[in-house]
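Encoded as structure tokens, the structure appears first; notes follow it.
Just so you know, residue 1 is the first one in the sequence shown, and it goes up from there. No hydrogens, no waters, no symmetry mates; every other heavy atom, side chains included, goes into these values.
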Amino acid sequence: MGLMDLFKKKSLDERMEDYANKGYIGKLEAAALPKNDKETRIAALTATRLIKQRPGVELLMAYVNDPDVDIRRAAGKSLLMNGTKDVTDALLNYSEQEDDEEVAKILKEAAISAKDRTPRL
């Protein structure tokens, strides 16, 4: 084991989760932008599940109707963890309009799990 092994870079998922744990919503928001590669966008949206405050929910809601089904799926799965009752109706509407059955199911489950959560600022 050489000295360089001690300075290994963190994986993309680890970096995104570090941003979320530190509350760096701006860095996650920038990583989720369509100009970035899909892997980076998904990692950012997945890590956003750790942000239990309003900005995290808003970021995820911005991507539940993304043109890419994998991005919609990642946003929906994260909303299962931190969606709030104020987005329940929107999630149900998106689930009814969704073409992909799996994403529609995830969005519906997110709406159901969110109905009892109060938004945090």
Side-chain angles (χ1 to χ4, degrees):
M1 181 163 109
L3 182 59
M4 291 309 290
D5 291 335
L6 297 174
F7 298 108
K8 281 188 179 175
K9 274 183 107 176
K10 290 184 177 183
S11 72
L12 178 61
D13 291 334
E14 290 172 325
R15 282 185 286 150
M16 294 299 151
E17 287 191 9
D18 282 349
Y19 293 155
N21 287 327
K22 292 176 182 175
Y24 295 164
I25 190 73
K27 290 189 182 248
L28 292 170
E29 193 170 16
L33 290 173
K35 69 179 183 177
N36 294 315
D37 63 90
K38 186 190 287 193
E39 182 183 9
T40 300
R41 296 179 73 206
I42 290 173
L45 294 172
T46 301
T48 303
R49 79 189 185 289
L50 301 172
I51 296 181
K52 306 291 185 189
Q53 295 166 337
R54 185 88 188 123
V57 175
E58 290 172 355
L59 173 61
L60 294 168
M61 287 301 294
Y63 289 99
V64 294
N65 62 353
D66 192 87
D68 188 309
V69 69
D70 294 326
I71 300 299
R72 295 194 307 268
R73 188 176 297 119
K77 285 181 180 179
S78 288
L79 282 163
L80 279 167
M81 303 291 291
N82 70 350
T84 54
K85 64 184 173 185
D86 59 324
V87 297
T88 301
D89 290 340
L91 287 170
L92 286 174
N93 286 336
Y94 285 130
S95 74
E96 292 170 3
Q97 298 169 6
E98 178 60 51
D99 294 333
D100 185 272
E101 288 182 34
E102 181 186 355
V103 175
K105 181 180 175 188
I106 290 168
L107 293 175
K108 189 176 242 181
E109 288 173 4
I112 292 167
S113 73
K115 70 182 176 125
D116 295 325
R117 287 193 209 114
T118 303
R120 292 189 237 167
L121 302 174

Lys52: salt bridge (charged side-chain N to carboxylate O under 4.0 Å, His left out) partners, not counting sequence neighbours: none
Backbone N/O of Ala110 and side chain of Ser113: donor-acceptor pair under 3.5 Å: yes
Check: Tyr94 main-chain N/O paired with Gln97 side-chain donor or acceptor under 3.5 Å: no
Linked hydrophobic residues, Ile106 as query - side chain contacts closer than 4.5 Å: Leu80
Residue pairs, two or more places apart or on separate chains, that pass salt bridge (charged side-chain N to carboxylate O under 4.0 Å, His left out) and touch residues 79-90: Arg54-Asp86
Min side-chain heavy-atom separation Thr46-Asp13 under 4.5 Å: no
Derivation of the side-chain contact (heavy atoms from CB on, under 4.5 Å) call for Lys108 and Leu91: CA-CA 7 Å; Lys108 189 176 242 181; Leu91 287 170; over 6 Å; no
Residue pair Leu45 / Ala74: nearest heavy atoms and the distance that separates them: CB-CB, 4.2 Å
By side chain to side chain contact (heavy atoms under 4.5 Å, CB included) - contacts of Asp100 (at least two apart): Val69, Arg72, Arg73, Glu98, Glu102, Val103
Point-to-point distance, once rounded to the nearest 0.5 Å, from CG of Asn93 to OG1 of Thr88: 11.0 Å
Co-members of the apolar cluster containing Leu92 [side chain, <4.5 Å]: none
Tabulate below the donor-acceptor pairs under 3.5 Å that side-chain atoms of residues 16-34 make, not counting sequence neighbours, or state none.
| residue | atom | partner | partner atom | Å |
| --- | --- | --- | --- | --- |
| Glu17 | OE2 | Arg49 | NH2 | 3.3 |
| Asp18 | OD2 | Lys10 | NZ | 2.4 |
| Asn21 | ND2 | Glu17 | O | 3.2 |

Between CD1 on residue Ile71 and CG on residue Asn65, distance to nearest 0.5 Å: 12.0 Å
Validation row: Leu12, Glu39 side chains within 4.5 angstrom (heavy atoms): yes
Separation of Leu60 CG from Ile51 CD1 (nearest 0.5 Å): 8.5 Å
Partners passing side-chain hydrogen bond (donor to acceptor under 3.5 Å, both in side chains) against Lys115 (at least two apart in sequence or in another chain): none
Rounded distance [0.5 Å steps], CD in Glu58 versus OG1 in Thr84: 9.0 Å
Those residues that, when tested against Asn82, pass side-chain hydrogen bond (donor to acceptor under 3.5 Å, both in side chains) (two or more places apart): none
Contacts of Ser95 that satisfy side-chain hydrogen bond (donor to acceptor under 3.5 Å, both in side chains) - sequence neighbours left out: none
Residues forming a side-chain hydrogen bond (donor to acceptor under 3.5 Å, both in side chains) with Thr40, sequence neighbours excluded: Asp37
Atom CE of Met61: over 12 foreign heavy atoms under 6.0 Å: yes
